[in-house]
Amino acid sequence: MDTEFLRTFVAVVDEGSMAAAARLLNITPAAVAQQIHTLERGMGTVLIARVGRTVNITEAGARALPRARALLRDVADLRTVANDDPSAGELRLGAGTNALTGMLPDILARMVARFPGIQVFIKPGYSPELHRAVDSGDLDAAIVLQAPFALPKTCDWELLREEPLVVLAPARMADRDPHELLATEPLIRYDRSQWGGRQADQYLRSVGITPRERFELNALNAIAVMVDRGLGVSLVPDWARPWPEGLNLVRLPLPLPCEPRRIGIVWSRSTIRIRLVQAFLQESRAAMSQPDA
C-alpha cells in the first residue's frame with residue numbers, strides 16, 4: 001500500500017472535495033481520483049462517496065481514517081527515530097490567526113538559523129481545535145490562548161505573551177472616556193463564542209455596560225479596519241503586530257483592572273520530536289523577549 005495514497009485519502013476527507021485536496025497536494029484532481037480508486041481497490045471497499053463535486057466519507061472510510069492518520073504519523077516519525085540529528089523529521093505546529101503573522105514568523109526565523117535543514121508543517125486554526133490536535137498527537141506543539149480548563153497530563157503549556165484589553169476607537173475619539181465610548185458608540189464585538197471574546201464580554205458585564213451591538217466577529221484585523229471606517233468601537237486584546245496598514249486608530253486602556261488575554265505554547269510531552277519542541281520553546285522565549293514583541 002502506497003502511503004502517499006493514504007495521505008491523499010486523508011486530505012480529501014479533511015478538505016471536503018477532491019479539487020481542494022488536489023490544490024493542497026499540488027497534484028491534479030484526476031490524480032487524486034485515481035489514487036483514491038487504487039486505494040479502495042487495494043482495501044476492497046469504498047472509502048469515499050462522490051456527491052457531485054463534493055465527497056462524503058463512507059462508514060468503511062470512517063473506520064479506516066483514524067488508522068490512516070496514525071500510520072502517516074508513524075511514517076513521518078521513522079526519520080526521527082533513525083537519525084541522531086535533532087532537526088530530523090517534520091516538526092508539526094499549530095497557530096491561531098494572529099500568531100501566524102504576529103509571533104510565529106520571528107520564532108521560525110530563529111529556528112531556521114539554528115536548524116537550517118528543519119522541516120515544519122503549520123496548521124492554522126482556533127485555540128480549542130489546536131489544543132485537541134496536540135492532545136491527540138496530530139501536532140507536536142501549538143501557539144494558543146490559555147485554555148479555560150485543566151490540560152491533559154500528557155500536555156504542558158508555557159506563557160509567552162499577555163495582551164491587555166483596550167478600547168479600539170477612531171483617532172478623533174482619543175480624548176473620550178473608554179467606558180463612555182463602550183456605552184454610547186456602536187460596538188463591533190469580539191466573538192463571544194471564542195475564548196478571547198469571552199474576556200471582553202465579562203468586562204462589559206462586570207462594569208454594567210450594555211453596549212449597542214452592531215457586528216460580532218472573530219477577526220481582529222477586520223475589526224480594526226471596521227473601526228477605522230467609522231462603523232463603531234471595539235473592546236479587544238492589544239494583539240501582536242503587524243496590524244493592517246494605514247489605519248488611524250487609538251488604543252485606550254481600560255479604567256479598571258481586567259484579565260489579559262494570555263498566549264503561549266502547548267506541547268505534547270510524548271512527542272517523538274521533543275528535542276525540536278524544546279528548541280522551539282527556547283527560540284519562542286528569545287523572540288518574545290525582544291522589545292517589539
Side-chain contact test, heavy atoms from C-beta onward, threshold under 4.5 Å: evaluate it for Pro211 versus Leu182 and give yes or no.
no
Salt-bridge test for Asp14 and Arg7: reply yes if a basic N is under 4.0 Å from a carboxylate O, no otherwise.
no
Give a yes or no answer on whether the side chain of Gln146 reaches the backbone of Leu159 with a donor-acceptor pair at less than 3.5 Å.
no
Using the test side-chain hydrogen bond (donor to acceptor under 3.5 Å, both in side chains), find all partners of Glu163 that sit at least two apart in sequence or belong to another chain.
Arg161, Arg261
Indicate if Val32 and Phe9 have the same hydrophobic cluster label, given that clusters are the connected sets of ILVMFWY residues with side-chain heavy-atom separations under 4.5 angstrom.
yes
Find out whether His179 and Val207 are in side-chain contact, i.e. whether some heavy atom of one side chain is under 4.5 Å from a heavy atom of the other.
yes
Check whether any side-chain heavy atom of Leu204 lies under 4.5 Å from a side-chain heavy atom of Leu187, and answer yes or no.
yes
With Glu129 via side-chain hydrogen bond (donor to acceptor under 3.5 Å, both in side chains) - residues at least two apart:
none
Would a single hydrophobic cluster contain both Leu100 and Met111, if residues Ile, Leu, Val, Met, Phe, Trp and Tyr are joined by side-chain heavy-atom contacts under 4.5 Å?
yes
Smallest heavy-atom separation, Val134 atom then Asp140 atom, equals CG1-O, 4.2 Å
Can you name the closest pair of heavy atoms from Leu165 and Cys258 and give their distance?
CD1-SG, 3.3 Å
Just so I know, are the side chains of Leu139 and Leu93 near enough to count as touching, which here means a heavy-atom distance under 4.5 Å?
no
Please assess Thr8 against Glu4 for the test side chain to side chain contact (heavy atoms under 4.5 Å, CB included), listing each intermediate value before the final yes or no.
CA-CA 6 Å; Thr8 300; Glu4 287 304 312; 5.5 Å; no
Note, Leu231 side chain near Ile188 side chain (heavy atom, < 4.5 Å)
yes
Between Gly96 and Leu130 the two heavy atoms that sit nearest each other are N-CD1, 3.9 Å
For Tyr126 and Val144, run side chain to side chain contact (heavy atoms under 4.5 Å, CB included): C-alpha distance rounded to whole Å, both residues' side-chain angles, the deciding distance at 0.1 Å, then the answer.
CA-CA 8 Å; Tyr126 296 129; Val144 292; over 6 Å; no
Has the side chain of Ser234 got a donor or acceptor atom that lies under 3.5 Å from a matching backbone atom of Leu168?
no
Salt-bridge test for Asp156 and Arg269: reply yes if a basic N is under 4.0 Å from a carboxylate O, no otherwise.
yes
Let me confirm one number: the CD1-CG distance from Ile223 to Leu249, rounded to the nearest 0.5 Å.
12.0 Å
Measure the spacing between CG of Leu91 and CG of Leu276 and express it to the nearest 0.5 Å.
5.5 Å
Intermediate values then yes/no, side chain to side chain contact (heavy atoms under 4.5 Å, CB included), Arg176 and Thr184
CA-CA 11 Å; Arg176 292 176 61 181; Thr184 61; 3.4 Å; yes
Test side-chain hydrogen bond (donor to acceptor under 3.5 Å, both in side chains) applied to Asp201 and Arg205, Gln199, Arg198, the passing residue
Arg205
For Asn218 and Tyr190, the nearest pair of non-hydrogen atoms, with its separation, is OD1-CE1, 3.1 Å
Taking Arg50 first and then Glu40, would you say they form a salt bridge - that is, a charged N and a carboxylate O separated by under 4.0 Å?
yes
For the ring pair Phe5 and His37, is the centre-to-centre distance below 6.0 Å?
no
Evaluate Met103 against Ile263 for side chain to side chain contact (heavy atoms under 4.5 Å, CB included), listing each step before the verdict.
CA-CA 10 Å; Met103 299 171 66; Ile263 301 176; 3.9 Å; yes
Do the side-chain N and O atoms of Asp135 and Thr154 include a donor-acceptor pair separated by under 3.5 angstrom?
yes
Interatomic spacing from CG in Leu39 to CD in Gln34 - rounded to 0.5 Å:
11.5 Å
Are Val277 and Ile265 connected in the hydrophobic side-chain network, where two residues link if heavy atoms are under 4.5 Å apart?
yes
Are Val227 and Leu181 linked, directly or through other ILVMFWY residues, by side chains that come within less than 4.5 angstrom of each other?
no
Any chance you could measure Met288, atom CE, to Leu160, atom CG, to the nearest 0.5 Å?
6.5 Å
Same cluster or not: Val225 versus Trp243, using hydrophobic residues (I, L, V, M, F, W, Y) connected whenever any side-chain heavy atoms lie under 4.5 Å apart?
yes
Does the distance from a Lys or Arg side-chain N to an Asp or Glu carboxylate O, for Asp238 and Arg241, drop under 4.0 Å?
yes
Taking C-beta and beyond as the side chain, do Leu220 and Pro237 meet within less than 4.5 Å on heavy atoms?
yes
Correct closest heavy-atom pair for Ser268 and Ile274 would be O-CD1, 3.9 Å
Atom CD1 of Ile27 and atom CE of Met18: how far apart are they, to the nearest 0.5 Å?
10.5 Å
Non-hydrogen side-chain atoms of Ile48 and Thr58 separated by less than 4.5 Å
no
Taking only Lys NZ, Arg NE, NH1 and NH2, and the carboxylate oxygens of Asp or Glu, determine whether Arg212 and Glu185 approach each other closer than 4.0 Å.
no
Does a side-chain heavy-atom distance below 4.5 Å link His131 with Leu151?
yes
Taking all heavy atoms of Thr45 and all of Ala60, pick out the closest pair and write down the distance.
OG1-CB, 3.4 Å
Run the side chain to side chain donor-acceptor pair (under 3.5 Å) check on Arg110 and Gln282 step by step: do they pass?
CA-CA 10 Å; Arg110 301 180 69 96; Gln282 293 173 10; over 6 Å; no
Do side-chain atoms of Thr3 reach the backbone of Leu6 as a donor and acceptor pair under 3.5 angstrom?
no
Cation-pi geometry met for Arg92 and Trp267 (6.0 Å, 45°)
no
Distance from Leu104 atom CG to Phe280 atom CZ, nearest 0.5 Å?
5.5 Å
Are Trp195 and Phe149 close enough that their ring centers fall under 6.0 Å?
yes
